[in-house]
Amino acid sequence: MSYHTFRVFCFTCLHRHYVVHTKPFDVYVIAKRFSKASLQFSSSRSLSLGIPRRKFSLQHSKHLPFIQTLEASQTREKSGRHSEKKKTERKKAKSSPTKEKKKESVGLVIVESPAKAKTIQKFLPERYIVDSCMGHIRNLPESAKEIPDELKKLPWARLGVNVENNFEPIYTISKDKSKVVDHLKELVNSCDELILATDEDREGEAIAWHLVQVLQPKVPYKRAVFHEITKEAIIESFENLRDVHMNLVHAQEARRILDRLVGFTLSPILWKKIAPRLSAGRVQSVALAMIVQRELERITFRQSSFYNIVAKLALSPQYEINEMKEGLTAWLLAFNGKRLATGKDFDPTTGDLKKESIEEGIIHMDLQFAENLLERMMESGVTWKVKSVEKRKLSRKAPVPFITSTLQQESSRRLGFTAGETMRLAQDLYEQGFITYMRTDSPTLSNQAKIAAQKCIVEQFGRDFLQDAASSNNSPKVSKLAQEAHEAIRPAGTSFLSPVQVVNQVSPKHQKLYELIYRRTLASQMKNAEFFVTSVNIDSILEDGSIATFHTSGRTLVFEGYLKAFNEVYGIEENFDDLDDSPLSMHNKNLPALHEGQELYSFHLEPIMHSTKPPPRYTEAALIKALEAEGVGRPSTYASILETLVERKYVHRERSKGKSRTSLVPCLSAVSVVNLLNKHFPEVTDPQFTASMEEALDNIANGKADHIEYLRSYFLGEYGLQEKAKEKEKNIDSQEVRILSLPIRHENANESVQVKVGPYGPYIELIGNSTKKLNILNEMSPEELCSKTIQELVEERKGKFLGYDPESGHALFLKKGRFGWFLQLVEDNLSPESEGELEMEEEAQKRRVIKNVRLPANVNVESLDLANGLKWLSLPRVLGIDPHTGKEVVASVGPFGPYVGCDGKYISLKSGMASVFEIDLKTAVELISNPVTYQNRKKGNGSKRQY
DNA sequence: CAGTGAGCGAGCTTCCGCTTGACTT
């Protein structure tokens, strides 16, 4: 048996190993740098080594090894890589520390992400080991069980921050990070120097500090920061090492603690006053308030309609022949100098004209007005003349390179990906070295990236499309709040792979996203698009001298500019809100040349009705855009903000009719939560809170303010949050905040309706002669709540009458309960005629429940009739006596579906087994004594995993 | 369990930002 040596890279941590295998399934590993004990290999994951019909399985703890080459003899050593011999020497040095001093010292470099570690390793001299900590390694206790027992009794323990003593935080090592920490501890003990190369922002600085706190290095440690991952930048940063900036760390700590105090103080108030498990926070509550606000605007929206006249005009009286070619479309702008109303003139909450518009003397044209006017325009003697022609050259600026938020928005708009999906795809592209880091708020391109983009532009579109060096996009506006730890999102490297070149390396979705990033990066370095916009007013002079002024506009592309990068893939974009001056969105594609005083001829006039539209619901992309504009949230959290709201059942996604996009609809619980917060804690739904926090944090970072003082002033004292929360907890009337003041169209004068949110979810209260409470779905939109649905709910509550049990004479109803459908047999003292006519309360008085039987989830209730119902009603079914125990064996339906049971032991009947009605004693006893076969369990798990 | 929304009471729920995980043969 021959021995083969494989060179193996751990893909994730970049440790190098040699693998020697003797037999196909025996894998021995010689670790290059670490003791054998620290490496655990298992065969849970198979990796093809490229040898036909042979598979090897390796795993370095949880990291996936990357098998770079096959036999050592065939190893293609790149220049600059280290020879095998050199490595062996290193290993010896490692294993005998006494001799190590003579060798060159080893430096441990810690960055945040493994992919970054991999890249940086390439740029650094051999004596450095680069590893990653995967973001924050410590955190405030996530839940009650992470709080140390000895502190649990203290009043502030729940917060995880000692608010009685300088806001001292309790830090715990996150569960999923303990392995990372152990690993780094081991490394730091065997190196001579520690370099903290985490991101250059508030969070990165804090991570560096936490690393020092946790690792307790006995060797010197320093901080290195760089803006871009290039050899030059990294080397430079290593020549300019600095200390950890404690002010910056304090700013981060203040941010972290503030968020905790806000969230963990307000959430419990929601539990007490509305329902358990609700949440509030600096970021999520702002987002939620926006969504709810928009929904309320939609509910209070009143539509208004108005008419306009559209004129098709020709250049010559012989319009029949050339109408298509040279015609133009214009719409009525004003009549006798008075402007016609458009959508903007109406108040969305009343549907009436706005005050200012009325004062202006605006004309609100109805159909009759339009038709009258139209007739007068058709009379002979009416002339049409061009009154004015105005030409403007407008340019549309090339976009700036992608940052996280704009990537998510464009990816949603052009590719239909959600923010989460976009980030997952981008992560893959990043890890495989196709793009730069995807969580960034800096739109800056490095010089090498600009050069690479320019090269692509020249090659693909020509030199004419290249932006001037002095153009503004070379120094894009950076958001005031940007922390600039990374550069913009762009294709990686010093020369960009074209989208075609990546086709075979990634999935189609990845390719699409890569192409979007590629084109945006190129576009950012291209010239602006130039348009000629022509704006024309045309007078129609009526017989009595009245003047109807029409307006039209046209747009011609003079220079395609950066649009070329997009148009060839995404098609030509028609809508440019920033260029259009028509509120009725009418544009002539090919406006003929016109001059002042020119006579025109009308060949078609038509009244057109327009209606105002309610403001659209937010899409995920629009919400992210709005939050980013307010400075709320960070690139790493945009995609998860919405997930939180969905998880809390505050918001659900709804697919708009006929469109691919999904819009965000607030649930009823969200309305009550926002009600409470707006009324009692208005700052938490206000984006201004984050803005002022950022300002304070900047001062802390600059050393102008003290972080403890900041927290103290916010949380403690007479006007602090703590005191306020206590007072509110006492004074907020739970009954009052539960009520949602929603306009409900219920046309029953004898009844009033209220929507409330209780601990078990939303319900409506019908108050008439008696009070009825009816559960409604949390997802039900206020719009859907009307007389009809309320009536349906009342009917549903009554249940469906199936008939009478011939044996007992009792009535059988099919009802829907908290746990699904069930059958109810009630004693019936009523005549069949009075069925459904009595109020529920009366019914309840007259009827006594004899028996309830639940139905399994898969029963088709639509087709359930009396006979079937009686069959279910016969459950539970006694099968007989178990000879082993002497107890009764029963078949029935329980909370988990059909089962057989005996003496406290229950076994579910899976599909494929005998039904509850058919199963006999023998089969049941067998099932109970040999509960679940190995085969069965495996099947169950397998399907779960697949899902 | 069988249409609750009040209260009893132990113990729990909850925040935002960094980052990548992902369990038997």
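Worth knowing before you read on, the calculation uses all heavy atoms, side chains too, and leaves out hydrogens, waters and symmetry mates. Within every chain, numbering begins at 1; the chains are lettered A, B, ... in the order of the sequence lines, protein sequences first and strands thereafter.
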* Nucleic acid contacts of residues 151-163 of chain A, taken as heavy-atom distances under 4.0 Å to DNA chain B -> A:R158
* Geometric class of the A:F167/A:F715 ring pair [parallel <30°, tilted 30-60°, perpendicular >60°] -> perpendicular
Decide, yes or no, whether a salt bridge links [X] with [Y] under the criterion of side-chain N to carboxylate O below 4.0 Å.
X	Y	value
A:E765	A:K772	no
A:D182	A:K179	no
A:R282	A:D686	no
A:E694	A:R202	yes
A:E683	A:K724	yes
A:E205	A:R223	yes
A:R255	A:D259	yes

* Any donor-acceptor pair under 3.5 Å joining the side chain of A:R634 to the base of B:dC16? -> no
Which part of the nucleic acid, if any, lies within reach of [X] when heavy atoms closer than 4.0 Å are counted: base, sugar-phosphate only, or nothing?
X	answer
A:V283	sugar-phosphate
A:A206	nothing
A:T637	base
A:S640	nothing
A:G281	sugar-phosphate

Looking at [X], I'd like to know whether one of its side-chain N or O atoms comes within less than 4.0 Å of OP1 or OP2 on [N].
X	N	value
A:R439	B:dT19	yes
A:R648	B:dC15	yes
A:R256	B:dC15	no
A:Q284	B:dC16	yes
A:S267	B:dC15	no

For [X] and [N], give me the distance from atom [atom1] to atom [atom2], rounded to whole Å.
X	N	atom1	atom2	answer
A:D201	B:dC18	CG	P	6 Å
A:D428	B:dA22	CG	C1'	14 Å
A:L425	B:dT20	CG	P	15 Å
A:F822	B:dC1	CZ	P	13 Å
A:H136	B:dC16	NE2	P	14 Å
A:L645	B:dC15	CG	C1'	13 Å
A:Q427	B:dA22	CD	P	14 Å
A:F681	B:dT14	CZ	P	19 Å

* **Contact nearer the 5' end of DNA chain B, comparing A:S113 with A:P276** => A:P276
* Asked: Taking for each residue the nucleotide of DNA chain B bearing the nearest heavy atom, is the 5' side occupied by A:Y430 or by A:P268?
  -> A:P268
* To do: Show your working on side chain to side chain donor-acceptor pair (under 3.5 Å) between A:E253 and A:Y171 and close with a plain yes or no.
  => CA-CA 11 Å; A:E253 213 168 29; A:Y171 283 121; 2.8 Å; yes
* Asked: With a 3.5 Å cut-off and no angle check, do the side chains of A:S669 and A:N778 form a donor-acceptor pair?
  -> yes
N/O-N/O pairs, protein side and nucleotides 4-8 of chain B side, under 3.5 Å:
{"from": "B:dT4", "atom 1": "O4", "to": "A:N775", "atom 2": "ND2", "distance (Å)": "3.2"}
{"from": "B:dG5", "atom 1": "O6", "to": "A:N775", "atom 2": "OD1", "distance (Å)": "2.9"}
{"from": "B:dG5", "atom 1": "N1", "to": "A:N775", "atom 2": "OD1", "distance (Å)": "3.0"}
{"from": "B:dG5", "atom 1": "N2", "to": "A:Y760", "atom 2": "N", "distance (Å)": "3.3"}
{"from": "B:dG5", "atom 1": "N2", "to": "A:G761", "atom 2": "N", "distance (Å)": "3.3"}
{"from": "B:dG5", "atom 1": "N2", "to": "A:G761", "atom 2": "O", "distance (Å)": "2.8"}
{"from": "B:dA6", "atom 1": "OP1", "to": "A:Q735", "atom 2": "NE2", "distance (Å)": "3.2"}

* Asked: With a centroid cutoff of 5.5 Å and a plane-angle limit of 30°, would you call A:W271 stacked on B:dT13?
  -> yes
* B:dG9 versus B:dT13 - spacing of their C1' atoms, nearest Å -> 16 Å
* **Atom C1', compared across B:dT25 and B:dG21: separation rounded to whole Å** => 23 Å
* Relative to A:Y650, does A:R648 satisfy both conditions: NZ or CZ under 6.0 angstrom from the six-membered ring centre, and within 45 degrees of the ring's axis? -> no
